[in-house]
Each structure stands twice: as structure tokens, then as C-alpha cells.
Amino acid sequence: MSLSARAKEAKLAAEGVPIWDILSNLWDPETNPDGYLSLGLAENTLLHETLSSYITRKFELPTAALTYGDGMTGSNRLKKALSEFLTKRLKPFVPIEPNHVTVTNGCSSAIEHLSWAFADPGEGFLLGQPYYGTFIPDLTLRPASKVVPVPFHDVDPLSKAAIGKYEAALSKAKEDGITVKGLILCNPHNPLGRCYSRDVICGLMEFCENNGLQFISDEIYALSTWTEQVDSSPPLVPFQSALGIDTKGIIDPAKVHVIWGMSKDFGANGIRIGSIISQANPSLHYSFVLPSIYSSISSLSDHVTASLLEDEEWVDGYIKQNCKLLSKQHQRAVSWAKENNVPYSPGVNAAFFLWVDLGTAYKNNHPDQKIADIDKTVSKALLDSKVFLSAGKDFGCEQPGWFRIVFSHPDSFLQIGLDRVAKALK
């Protein structure tokens, strides 16, 4: 079979990613005890039974769901439910209206749409390191945009000092002949599990305005936060949505775009609901009307999500319980890291991740072993122990040996996974 050059490139990229083989052989205590246990995928399974039970109990499909409905960018009902829900939760400076929202089949499609809308092939987006690894194909695979990585060296990537690193990366991109069209944040941060402060967000908005860049904030973990402090430093930073900032005198509001979806805060990756919230750029939403036929959501997901978000009392309890459980599992993961002498990145108060330096821990356990590639060595040891973690090299990590542990799982599952990681290190 003769494939196009881009299809061949995608095929080669997929063949080099072990997760697809691992997903077909996942551990189950009864049906597949010899399978791989994954603490690598960003999934939140803590309240799966609760959510599944609610959907099953409440699901009543209207006949309208068997039609094309209101179009490909989400039903009117869903846009209204999302706008009201996000206005309450993200506390925007300007209330979100239904016409501010385009719905997509997941946030990857939302990122891809924004890449396509703002950058022509070969133009780029600034992306701080470490970054969510799937941003790379989201931005580049089909839109053919470029990613301009921003290294921070010894500077905290979520600090105000990091803004200078974005400036340096932009200057270098210009020298390399790359036209940069935007800056992308993941707030709360994946994989660091921390939030950007209001001052830093404002500083980055000013930087974008001064350089004619779009400001894109992926806030898919916005509601997965907690206030319990585990480490003495750094101080925890509460979540601040980009929509909650009065942009007057900072940035043209038409350049501010936020992404949110059901995958993380509701532990519902498979429902495939993402949304682009842009409050002052109607042309952007109109540009999505035709291509949205390739990213439209199932009417079943549309109906389920609208019904769920309209039940405010149930949602309030669900989100509160989810945050409580995430805090508990984070503490469990930190305790494990300390017990096993695994260095980790502190200050976590959001999302599902503990960013850990397994490379240093492995070397300390094998002082006489000569190691040429610590990422490869640790990854092999993990897979030999039948546990999968995402490696820092796939997140553009500047230092070798770092991995992301996903702790958003029930106690027994998480403990078995952590035990396997400890075994791999020894």
C-alpha cells in the first residue's frame, strides 16, 4: 500500500509509542493478572462507579439525538449547560455565553482546531518545558504547525522569571525563520501538578499582546485542585482561570482562548467532550463550523453531558468528593516517594501527577552499574516489572530520568502500581 509522506510519518511515530501495545494488555486481577498496570495514562478512575451509576440511572435518550441536531459544534442545550457551569466554576470576569463556546470531541481536537485556525503550515507556538506530550501531535500532525519549545534551565517554569525565557525562545525562533503565532499553557500544569499565579498569567498575557501572539490556556484540570499542604515549600498557588482576569490594559480579549473538557475533572476520558471558550472572537467560532464535522461529538455524549451539568447539586457533591480523593492519593504518592528515596517535584495541589526523578533513585540503587541512557534503562526496568509510566523525555523534560506517576486511582490499584515501580528501581 502506498501511503502519503505524512501518513508514513504518522505510522512511524505510532510504531515508536509502547502505550498502544500496553493498552491491549492491561492488568486485571481476575482476567489478566499478567498484564501491564498503567500509572502512565492521565486517567482519573477514583469515582468511575459513581459516575457510571449516575449516567445509567438518569439516561433517557430523546429522539432528537438520532438526528444531526443543532449542528456540529455542540447542541444549543449543551452550550448553555457548559456556559452556565463554567461561569460558576471558572469565575470569569465576563459571564460565559453559549455563543462563546465551540464543542469538540475531546480537548485534543480543540487544540488541533486552534492550531489550524491561528497558524499556517510552518508557523509555530511557544510551549514551555516540560509539557503535556500529546500537545506535539495535536499542534503539528495534521495542522502542520511547529512547536517552539521553551527551556527554563534553573528557573521555575511557573514563576514570573520564566517570562524572560519565553522572550528568549521567541527571539531564537525569529532568528531561525519561524513565525510564532501563539503561546500555550496547561493550567493547572501537566505534568508538574501546580497552578500559575495571577501575576504570571498577566505577565504572559502582556508578553503575548506585545508580540502579537494568541494566548491559549488549557484548563482541563481546573476543578481538580485541593488546599492541603504536604511539603513545606513552595507555597501552594490556588487555581486562577485566564477568563477570570480583566484584560483591559493587558491584552486584547480576542486573543484569549480557554480549553476545558469532561475527561479529567469528571474522570470521563471516553465521553470525548472538549470545548473552546473564546469570548471576544466570533470569527474564530465561525471558522470552526465547516471543519467541526470532523470533530463533532456523539449526540449521546452531548445529551449525557448536558443532563449531568444541569444537575447542579449532584455536580457540586461530585467535584467536592473528587478533590478530596485526589488530595488523599497525592499524599499517598508523596509518602511512597519519601519511603523509597525517590526525589520528586513539590508544591502539587492540582491534577493527577507526581513528577519523580526515578533516574537518580535507580542510580543510587545501582552505584556500580554503568548507564549510558538512564531513561531507556528505567523504562525497560518498569516494563519488565509490568508497570507503565510516562517518561519525561516524552514531555520535553530538560533533565534525564524524570517520570510522571498518575495517582488518581483507588488505593489497591495505586499501591500495586507503586510497589511495582519500587521493585523496578531495585
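These numbers come from a predicted model, not from an experiment.
- In this view, R6 satisfies the salt bridge (charged side-chain N to carboxylate O under 4.0 Å, His left out) rule with no residue, not counting sequence neighbours.
- Centroid-to-centroid, the aromatic rings of H257 and F118 come within less than 6.0 Å.
- In this structure, T87 has no side-chain hydrogen bond (donor to acceptor under 3.5 Å, both in side chains) partners at least two apart in sequence or on a different chain.
- Using a cut-off of 4.0 Å between Lys/Arg side-chain N and Asp/Glu carboxylate O, K328 and D411 are scored as salt-bridged.
- Note on ring orientation: taking the six-membered ring where Trp is involved, the planes of Y166 and F152 are perpendicular (angle over 60°, cut-offs 30° and 60°).
- Residues L358 and L425 form a side-chain contact, since some pair of their non-hydrogen atoms from C-beta on lies under 4.5 Å apart.
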Show, in sequence, the C-alpha distance, side-chain angles and deciding distance for D265 and S224, and conclude whether the side chain to side chain donor-acceptor pair (under 3.5 Å) test is met. CA-CA 6 Å; D265 291 334; S224 297; 2.6 Å; yes

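- Ring-plane geometry between W355 and F395 is classed as perpendicular, the angle between the planes exceeding 60 degrees on a 0 to 90 degree scale with a lower cut at 30.
- The environment of E312 atom CD is sparse: at most 12 non-hydrogen atoms of other residues, nucleotides or ligands sit within 6.0 angstrom.
- A donor-acceptor pair shorter than 3.5 Å cannot be found between the side chains of N210 and E206.
- For CD of E9, the number of neighbouring non-hydrogen atoms (other residues, nucleotides, ligands) closer than 6.0 Å is 12 at most.
- The side chain to side chain contact (heavy atoms under 4.5 Å, CB included) search around R194 returns D156, L158, not counting sequence neighbours.
- Remark: K80 NZ is loosely packed, at most 12 non-hydrogen atoms of other residues, nucleotides or ligands lying under 6.0 Å away.
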Under the side chain to side chain contact (heavy atoms under 4.5 Å, CB included) rule, what do H113 and L284 come out as? Steps first, then yes or no, please. CA-CA 10 Å; H113 276 356; L284 176 67; over 6 Å; no

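- Ring pair F353/Y221 is perpendicular by interplanar angle, where above 60° counts as perpendicular and below 30° as parallel.
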Apply the test side chain to side chain contact (heavy atoms under 4.5 Å, CB included) to residues V147 and F135: give CA-CA distance (whole Å), side-chain angles for both, the deciding distance (0.1 Å), then the verdict. CA-CA 9 Å; V147 168; F135 273 150; over 6 Å; no

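- Between D384 and K380 a salt bridge is recorded (basic side-chain N to carboxylate O distance below 4.0 Å).
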Please lay out, stage by stage, how I245 and I250 fare under the test side chain to side chain contact (heavy atoms under 4.5 Å, CB included). CA-CA 9 Å; I245 294 172; I250 300 175; 4.1 Å; yes

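- A salt bridge does not link E43 with K264: none of the charged nitrogens is closer than 4.0 Å to a carboxylate oxygen.
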Can you list the steps and then say if L243 with Q279 is a side chain to side chain contact (heavy atoms under 4.5 Å, CB included)? CA-CA 9 Å; L243 297 176; Q279 295 186 287; 3.7 Å; yes

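- Between the side chains of S390 and D394, no donor-acceptor pair is found at a separation under 3.5 Å.
- Salt-bridge annotation for D176 and K172: present, with a side-chain N of the basic residue lying under 4.0 Å from a carboxylate O of the acidic one.
- Aromatic pair F85/W260: ring centres closer than 6.0 Å.
- The aromatic rings of F413 and H409 are tilted relative to each other, their planes meeting at an angle between 30° and 60°.
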Could you go through T73 and K79, starting from their C-alpha distance and side-chain angles, then the distance that decides it, and tell me whether this counts as side chain to side chain donor-acceptor pair (under 3.5 Å)? CA-CA 9 Å; T73 62; K79 289 181 180 179; 2.9 Å; yes

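- A side-chain donor-acceptor contact under 3.5 Å links D231 and Y344.
- Aromatic ring centroids of Y318 and F266 lie under 6.0 Å apart.
- Under the salt bridge (charged side-chain N to carboxylate O under 4.0 Å, His left out) criterion, K181 pairs with E123, not counting sequence neighbours.
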Does the pair D138 and S108 meet the rule for a side chain to side chain donor-acceptor pair (under 3.5 Å), with working shown? CA-CA 6 Å; D138 291 349; S108 279; 3.1 Å; yes

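- Surrounding CD1 of I293 are at most 12 heavy atoms belonging to other residues, nucleotides or ligands under 6.0 Å away.
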Pair D302-S75, side chain to side chain donor-acceptor pair (under 3.5 Å): steps then yes or no: CA-CA 7 Å; D302 186 302; S75 70; 2.7 Å; yes

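- Taking E219 as the reference, nothing meets the salt bridge (charged side-chain N to carboxylate O under 4.0 Å, His left out) condition, with sequence neighbours excluded.
- Annotation: side chain to side chain contact (heavy atoms under 4.5 Å, CB included) contacts of I416 (sequence neighbours excluded): W27, L37, R420.
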